[in-house]
Amino acid sequence: MARKLKVYRTSAGGFFELAVAAPSMRAAAEAWGADTDIFERGYAEQTDDPKIVEAAMAAPGVVLRRPVGSQGEFSEHAPLPKAPKESRKPSGQRSQRAVSEKKPGRKAEEKPKRAAALESQREKEALQRQKEEAAERERARKKRERMVAKANADFEKAQARHDEAMQALARRREELDKDEALEMERWETEQRRHSDALKELGS
């Protein structure tokens with residue numbers, strides 16, 4: 001069953017505020033390409049702002065942006081924020097603040113790469129697990145085959161002992177039949193002798 005989505009936002013994205021609909025804080029941090037402790041450090045939070053929730057829920061898992069300090073709508077392709085007039089200077093006289101803000105911007109651009117790298121790592125780990133599970137199944141199959149072969153070998157030995165015992169009994173039965181026939185023949189002879197003796201005494 002799919003987990004319920006929640007909407008999270010962060011202002012640690014350089015020139016932009018970021019928002020995403022995700023099932024957990026960890027999933028949101030991964031979508032942003034940020035460390036998972038971004039919430040513990042207070043740089044991100046869950047939001048119930050209706051406008052943000054509506055926009056993020058319309059595109060689950062997609063990182064939405066809006067310029068920092070703006071009250072506009074979040075979107076997937078937001079324009080860069082406009083610099084205040086008093087802060088505009090010739091390109092050769094950029095303030096240290098502008099330079100410092102540019103670095104987070106580059107990091108924000110690198111976050112999709114980090115997210116792709118994480119996804120690639122997860123795929124490699126999943127593939128490795130599949131290989132290990134396949135190897136374990138193969139080991140279990142070979143073990144079952146060895147156990148079946150041993151059971152069959154034990155049964156064959158028992159079958160041979162049984163056949164040998166039955167043959168010995170058959171030989172004994174044959175000998176007993178011969179002994180019985182000889183005994184019956186001897187007994188019949190004794191009966192005839194007895195009958196003949198009585199006849200002689202009677203005469």
Side-chain angles (χ1 to χ4, degrees), residues 1-8 10 18-41 44 46 53 56-64 76 110-203:
M1 181 178 179
R3 297 173 60 183
K4 183 178 179 181
L5 296 177
K6 300 176 182 178
V7 177
Y8 303 95
T10 178
L18 307 179
V20 66
S24 66
M25 292 181 179
R26 179 182 292 275
E30 290 179 354
W32 294 328
D35 295 333
T36 54
D37 64 350
I38 189 173
F39 290 92
E40 298 176 3
R41 291 184 293 160
Q46 182 180 345
V53 170
M57 285 298 186
V62 176
V63 177
L64 303 181
E76 187 174 356
E110 293 174 355
K111 287 177 182 178
K113 295 181 180 178
R114 293 179 58 186
L118 288 172
E119 182 63 25
S120 177
Q121 181 63 27
R122 284 195 292 267
E123 290 177 357
K124 290 181 180 178
E125 292 173 354
L127 181 60
Q128 181 62 28
R129 286 195 298 271
Q130 290 175 0
K131 290 181 178 178
E132 292 173 355
E133 291 170 358
E136 181 62 28
R137 288 194 296 270
E138 181 64 14
R139 286 193 292 269
R141 184 185 66 79
K142 290 182 178 180
K143 182 178 179 180
R144 286 195 300 271
E145 289 180 351
R146 290 194 297 269
M147 294 176 67
V148 170
K150 184 178 183 302
N152 288 336
D154 292 343
F155 179 76
E156 289 176 359
K157 291 179 181 178
Q159 180 70 45
R161 289 195 297 269
H162 170 71
D163 292 343
E164 184 178 351
M166 292 300 293
Q167 290 173 4
L169 289 172
R171 288 192 296 270
R172 288 177 58 188
R173 188 177 297 109
E174 184 178 353
E175 292 174 357
L176 287 172
D177 289 343
K178 290 179 180 179
D179 291 343
E180 182 181 5
L182 291 172
E183 177 59 26
M184 291 301 296
E185 184 178 353
R186 187 195 65 78
W187 175 239
E188 289 175 356
T189 301
E190 290 292 339
Q191 286 179 325
R192 285 195 300 270
R193 287 176 181 175
H194 178 262
S195 179
D196 293 342
L198 290 178
K199 287 178 182 180
E200 290 178 359
L201 291 173
S203 60

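Hydrogens, waters and symmetry mates are skipped; everything else that's a heavy atom, side chains included, is used.
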CZ-CE distance between Arg144 and Met147, expressed to the nearest 0.5 angstrom
10.0 Å
Starting from the C-alpha separation in whole Å, work towards a yes-or-no answer on side-chain contact (heavy atoms from CB on, under 4.5 Å) for Gln191 and Ser195.
CA-CA 6 Å; Gln191 286 179 325; Ser195 179; over 6 Å; no
Interatomic distance, CZ@Arg146 vs CZ@Arg141, rounded to 0.5 Å, equals 10.0 Å
Which atom pair, heavy atoms only, marks the closest approach of Tyr8 to Trp32?
O-CZ2, 3.5 Å
So do the side chains of Val7 and Met57 get within less than 4.5 Å of each other, counting heavy atoms only?
yes
Output yes when Arg193 and Glu190 qualify as a salt bridge under the 4.0 Å nitrogen-oxygen rule, no when they do not.
yes
Enter the distance from Arg114:CZ to Glu30:CD here, rounded to the nearest 0.5 Å.
11.0 Å
Value for OG1 (Thr10) from CD1 (Ile38), rounded to nearest 0.5 Å, stands at 3.5 Å
Inspect the contact between Glu145 and Lys142 and indicate whether a charged nitrogen and a carboxylate oxygen are less than 4.0 angstrom apart.
no
Separation of Gln128 CD from Gln130 CD (nearest 0.5 Å)
10.0 Å
Close side-chain approach of Glu183 to Arg186, heavy-atom, < 4.5 Å:
yes
Starting at CG of Asp177, measure out to CG of Leu182 and round the result to the nearest 0.5 Å.
11.0 Å
Got a salt bridge between Glu164 and Arg161, using NZ or NE/NH1/NH2 to carboxylate O under 4.0 Å?
no
Can you give me the closest heavy-atom contact between Pro23 and Leu5, atom names plus distance?
N-CD2, 3.6 Å
Considering only heavy atoms from C-beta outward, does the side chain of Lys178 approach that of Glu175 to under 4.5 Å?
no
Is it true that Asp163 and Gln167 share a donor-acceptor pair across their side chains at a distance under 3.5 Å?
no
When you check the gap from the basic side-chain N to the acidic O, do Arg122 and Glu119 get nearer than 4.0 Å?
yes
Contact between Glu125 and Gln121 at the side-chain level, heavy atoms closer than 4.5 Å - yes or no?
yes
If you compare all heavy atoms of Ala22 against all heavy atoms of Ala28, which two are closest, and at what distance to 0.1 Å?
CB-N, 3.8 Å
Contact check, side chains of Asp35 and Arg41, non-hydrogen atoms, under 4.5 Å:
yes
Are any non-hydrogen side-chain atoms of Val20 and Val62 less than 4.5 angstrom apart?
no
Check Pro60 against Ala58 and note the closest heavy-atom contact, atom names and distance.
CD-C, 3.7 Å
Modelled atom types, side-chain donor and acceptor of Arg192 and Thr189, under 3.5 Å:
yes
